[in-house]
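Report on the following structure.
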Amino acid sequence: MATFSVHVTIENKPGISDPEGDTILNDLVLKGTHKNISKIKTAKMLKFTIQEKDKKTAEKKIQEICDELRIYNPMVSKVTIDVFE
Amino acid sequence: MATFSVHVTIENKPGISDPEGDTILNDLVLKGTHKNISKIKTAKMLKFTIQEKDKKTAEKKIQEICDELRIYNPMVSKVTIDVFE
Amino acid sequence: MSLEPQELEDLKSKIGREPTSTELQIVAAEWSEHCSYKSSKKHLKMLPMTGPLVISEKGYDSGVLDVGDGYVITAHIESHNHPSAVEPYGGAATGVGGVIRDILSAGTRPIAIFDGLRFGDIEKDQQARWLFKNAVTGIADYGNCLGIPTIGGEVEFDECYSNYALVDVAAIGFGKKENLIKNHANKGDLVVLMGGSTGRDGIGGSQFASDSLESEDRSAVQVPDPFIEKLVIEAILEARNHNLINALKDLGGGGLSCAVSETADTLGIGIEMDVDKVHTKESGMHPDEIMVSESQERMLIVTNKKKLKKLQEICKKFSITCSVIGHVTSGNLMHVKKGAKTFANISTDVVANAHLLDRPSKKPAYLDAIQKEKKLKPITNLSKTLMRLISSPNIASKIWVYSQYDHEVGIRTVVKPGKDASVLRLDNGKFLSAKIDGNPKQCYINPREGAIGCFEEACRNVVCTGAKPIGMLDHLQFGNPEDPEIFWTFLESLKGLTDFAKYFKIPCIGGKVSLYNETPSGPIKPTPLIGVLGLIDKKPLIPQKVLDGDSLIMIGDTKDELGGSEYYEYIHKFIGGNCPKVDFAESKKNMKSVLDLIKKQLLKVCHDCSKGGLAVAASEICMTNQIGCQLSLEKVPGEKLSDDKKLFSESHSRYLAVIDKKNIKKVEETLQKNKVSYKTIGKFTGNKIQFNHGKNTVIDLSVDKAQKAWVSSLGELVTHG
Amino acid sequence: MKVGVVVFPGSNCDRDMFHVLTDVFKLDAQYFWHEKGLPKNIDAVILPGGFSYGDRLRAGVIAAHSPVIADVQKMAKKGIPILGVCNGFQILVESGLLPGVLLKNTSLNFMCEWTNLIVENNKTPFTSQFKLYQKIPIPIANGEGRYYVDDDSLKQLKKNNQIVFRYENVVNGSTDRIAGVCNEDGNVVGMMPHPERAVESEINPIDNKPSSLIFESLLSSMGVTH
Ligand SMILES: Nc1ncnc2c1ncn2[C@@H]1O[C@H](COP(=O)(O)OP(=O)(O)O)[C@@H](O)[C@H]1O
Ligand SMILES: [Mg+2]
């Protein structure tokens, strides 16, 4: 068994609006001197520490947990899973 | 000029507690069948799309923006910046 | 964290030996200004603390008032200035958490929160805006999650708070008198720590609060966990219902050190405890760290062996950890062990009773010059001036703030925020009215009269709802008390408050002193904050819709008192002048008359004149009712004054009352009988706010336009810069 | 007639709801802690508002995994009236009993204010006493109250008459101004505004009668005449 750090990034699916990202962009960033930013998207990340036999299984397990426990809402969000050792 | 995607991950500094991560772990994940998870940490991510001449400058610019606009409070949080092309 | 050299000597002579390192930590925490009140305690005694409704028993961290029929209310006020200045979200949130636990520790359920917020000039200063926005979110996230309504407060901006923040929070609790915790303990009783785990976060917080910001201690950042606090509240109240609690104490500044030593000292017992039994966030914490950690959301319970099991069951139900950390001993020693090894063994009356100081005081040099009036630039367009005031951050509606707070949860809120005081219904059919007020601009110019003014203003706000003031909370916030000039302003404010409280027989039921409020550019202006609680036996005045043809009566005299006014400071950028003074006899007469009128149900709306004076108060009635008003300045009661002074003077003891035509006669009868200075000064009609002087129109503003600016300008400023 | 009020860790409108059920409408109400099941003799279930599990991860998602939800699901199938208010609505959505999802308000802030609802479906056990399109003055208090469904689901909702309440004006960016929905059978209803805060005239500055009809409807659906 080894310990893995698995990062789950939850963000809105394309087409779903992200008022928070838009607000940070329009009311904060573009009001300043930084005009070369064209988009900001927000996401939430969960960093799991998991004991598993290998990287692959760790990823699979976390994907299962995310689906089963509705860590993200599939109607509006998608997840990306990255495993680190 | 090229377009870069810059991911800013904001999370509590080590030693500063993360009640949300604890609740997700204790009240959701560990209540299920997944006992091999030992820790969950939450983080927030902002994905910037920026026009810059190179990767290095893009990273520097974003760091500046985050500091100047107080996107995070350095007393509590730390940021990690990753640049993608 | 350390003691002053002479304090160390004092400690050594009291215990007759060298203190251990743990003892030093414990004593330093407990003897800090924040926990010991060493600069202020001798003087605070002057405030009247008793009265027919006051219930005082040992060990309560909040004031208790009997509201009849077997019910009590509890109240307390706190600030979290230093933490909020560096981490406004967490600082403000944990401030709410702390004051709530004070209410809980008397055995009452918290039913309302108030917040008083002060920052630098948000129009110019981005840092101030950031602090403000995050402090509001912190309070919202915490109070909303607990399900305790935040029903009132105040917001003020002044350059004296640049790079700093004053975040004051007050809370009110309610319960049955028979359910109050009667703090007691017997030898062999168990000492239980319940709630959040103890961690390295917030180590040295109370010391931090007693230092000025430069020496900031970064470990003092606390992460709020309102979810645990909510569980702690429910678990404590359930345990109280099962009579499982002999004594109860919240953990605040000074952490376990203060909670254990103060509990032992007030109950006249000793406590032996083992730091290994404390549930911690991380392993390897040193006993010193465990004793002074200010981790949030913790309560200390004294129970006994028979009750323990049930207590543990309740904690388990709510998934909160509870650890038996020690037991009650005879004698008065606080004995801290780690396993078998002793780390501290010291008499609690030494720990809990710091050497009180008699600090020197001296009238500040600036005070004489500042009360001189200055010749001001004449203003040609007073409509524009009023419009600017209405949209200014200090006067604009605070709806952007209170609409982020759940102010309805608990279904008690009869008069909602946005008017003067808010009103809650109580289970015995009575109503409780409350408001907090401060006014540093006036207190700076005249510390004594300014403080009295805050007290009277809070009373006025409560009186406007039909409530008789029954109790007061004071929060005295000043700079470094070691500076005699600052200490003088502290004493003057305190004396003023004492005089007013005695004259009106309003007991002080609690308070807090916060010193060392220094910003990078010097001390803050004196900022006493006064909370007043009022009781309504029968019916509150719930503002009714103002209609065409209703009359506006002004009660109370307008005087040449514009020192510290928004008109002088915001419009003319002039700090100084004649500070408004409360005439006690007149104040009493006016309060009584307003209460009479409300009791007789003769008023539709009652609003006090405060910031921005008559002009703003009358406009507020127009804007909230979306109706115009024609006012005659020559009728305004009081001294002969220029139009601008009549409009914007901030003299105290003044009320505006809206009256249905048919009631005018009866109203006048009452006012004449009470020998009150009053006049009918206006009539509601149309859609313009119009102030006339004889035939001249001095101010002419569209209600719609004014209302839009008043409602939205603060939110616009915060969100869009 | 027994109404169950389910309490989750962090529920905070449970006592308000209980007061309204028992003191105002004289119903026999009982609290049920989320870890236990519900007895068979319950005639209606209410999931009150609050911050179950501190709204962590997403409002309602952790509570949706509570043991009690399995029983709520069974009762829903049996046609027993179930009402979720605010956080209760979020829990019903997260447990799949109601369609859609509740997102952060477009203002990004918690919003506590009075607003008007329009009754769009008066065939549910909680709306039967309303006239269609009747107006209800009522307070909202939420941070994640923006109802969202995609276009196809919205069509479905409309087709099945599942939209129960709409806001009169745009309040928080909800799809089609939706404030409350029901399941296909109509017995499970979720709404973001708080009817329990609006049924007593003392605390309702506008008009307490419309909100009362929500509870009157429940009484009548259970065959109680008031
Ligand atoms: N920080 C705040 N939190 C909650 N309510 C607030 C806050 N600031 C102002 N309010 C509310 O807005 C209204 C006006 O406040 P304020 O201008 O201080 O009143 P007054 O001048 O009567 O003392 C009051 O109802 C008050 O409770
Ligand atoms: Mg007022």
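Quick note on labels: first sequence line is chain A, next is B, and so on, each numbered from 1. Only this structure's heavy atoms are used, side chains among them; waters, hydrogens and symmetry mates stay out.
- Looking at Asp55(D), neither its backbone nor its side chain comes within 4.5 Å of chain C, counting heavy atoms on both sides.
- Around the NZ atom of Lys545(C), the shell of radius 6.0 Å holds more than 12 heavy atoms that belong to other residues, nucleotides or ligands.
- Residues that satisfy the salt bridge (Lys or Arg N to Asp or Glu O under 4.0 Å) test with Lys708(C), not counting sequence neighbours, are absent from this structure.
- In this structure, Glu196(D) and Asp16(D) approach most closely via the heavy-atom pair CG-CB, 3.9 Å.
- Under a cut-off of 6.0 angstrom, the local environment of CZ in Arg240(C) is crowded, with over 12 non-hydrogen atoms contributed by other residues, nucleotides or ligands.
- No close placement of the Tyr89(C) and Trp130(C) rings is indicated, their centers lying 6.0 Å or farther apart.
- Here the shortest heavy-atom pairing between Leu83(D) and Leu92(D) reads C-CD1, 4.3 Å.
- The parts of Arg197(D) that come within reach of chain C are both its backbone and its side chain, each placing non-hydrogen atoms under 4.5 angstrom from that chain.
- Looking at every heavy atom in both residues, Ala63(D) comes nearest to Ile69(D) through O-CG1, 3.6 Å.
- Proximity to chain D is limited to the side chain of Phe431(C), based on heavy atoms less than 4.5 angstrom apart.
- Shortest non-hydrogen contact noted between Tyr402(C) and Gly418(C) is OH-CA, 3.3 Å.
- Between Phe89(D) and Tyr147(D), the two ring planes are parallel [angle under 30°; tilted spans 30° to 60°].
- Close approach to chain C, defined as a heavy atom under 4.5 Å from one of its heavy atoms, is seen in Phe51(D), Tyr53(D) of residues 45-53 of chain D, taken by number.
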Applying side-chain contact (heavy atoms from CB on, under 4.5 Å), run through Ile214(D) and Phe165(D) and close with a yes or a no.
CA-CA 12 Å; Ile214(D) 292 177; Phe165(D) 301 108; 4.2 Å; yes

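- Between the side chains of Tyr405(C) and Asp115(C), at least one donor-acceptor pair of N or O atoms lies under 3.5 Å.
- Looking at Leu146(C), the atoms closer than 4.5 Å to chain D (heavy atoms on both sides) all sit in the backbone: N, CA, C or O.
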Worked verdict on Ile139(C) versus Gln404(C) for side-chain contact (heavy atoms from CB on, under 4.5 Å)
CA-CA 9 Å; Ile139(C) 290 165; Gln404(C) 295 186 52; over 6 Å; no

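- Residue contact with chain C, scored on non-hydrogen atoms closer than 4.5 Å, is absent for Ser107(D).
- Residue Asp225(C) touches chain D through both its backbone and its side chain, counting heavy-atom pairs closer than 4.5 Å.
- For chain C, no part of His194(D) is nearby; none of its heavy atoms comes within less than 4.5 Å.
- Looking at Lys317(C), the atoms closer than 4.5 Å to chain D (heavy atoms on both sides) sit in the backbone and in the side chain alike.
- For a residue to count as touching a neighbouring chain, one of its non-hydrogen atoms must lie under 4.5 Å from one of that chain's; by this rule Ile411(C) touches chain D with backbone and side chain alike.
- Per-residue counts of heavy-atom pairs under 4.5 Å with chain C were compared for Asn87(D), Leu108(D), Asn12(D); the largest is that of Asn12(D).
- Between chain D and the options Ala140(C), Gly147(C), Pro226(C), the largest number of non-hydrogen pairs under 4.5 Å is found for Gly147(C).
- Residue Thr413(C) touches chain D through its backbone alone, counting heavy-atom pairs closer than 4.5 Å.
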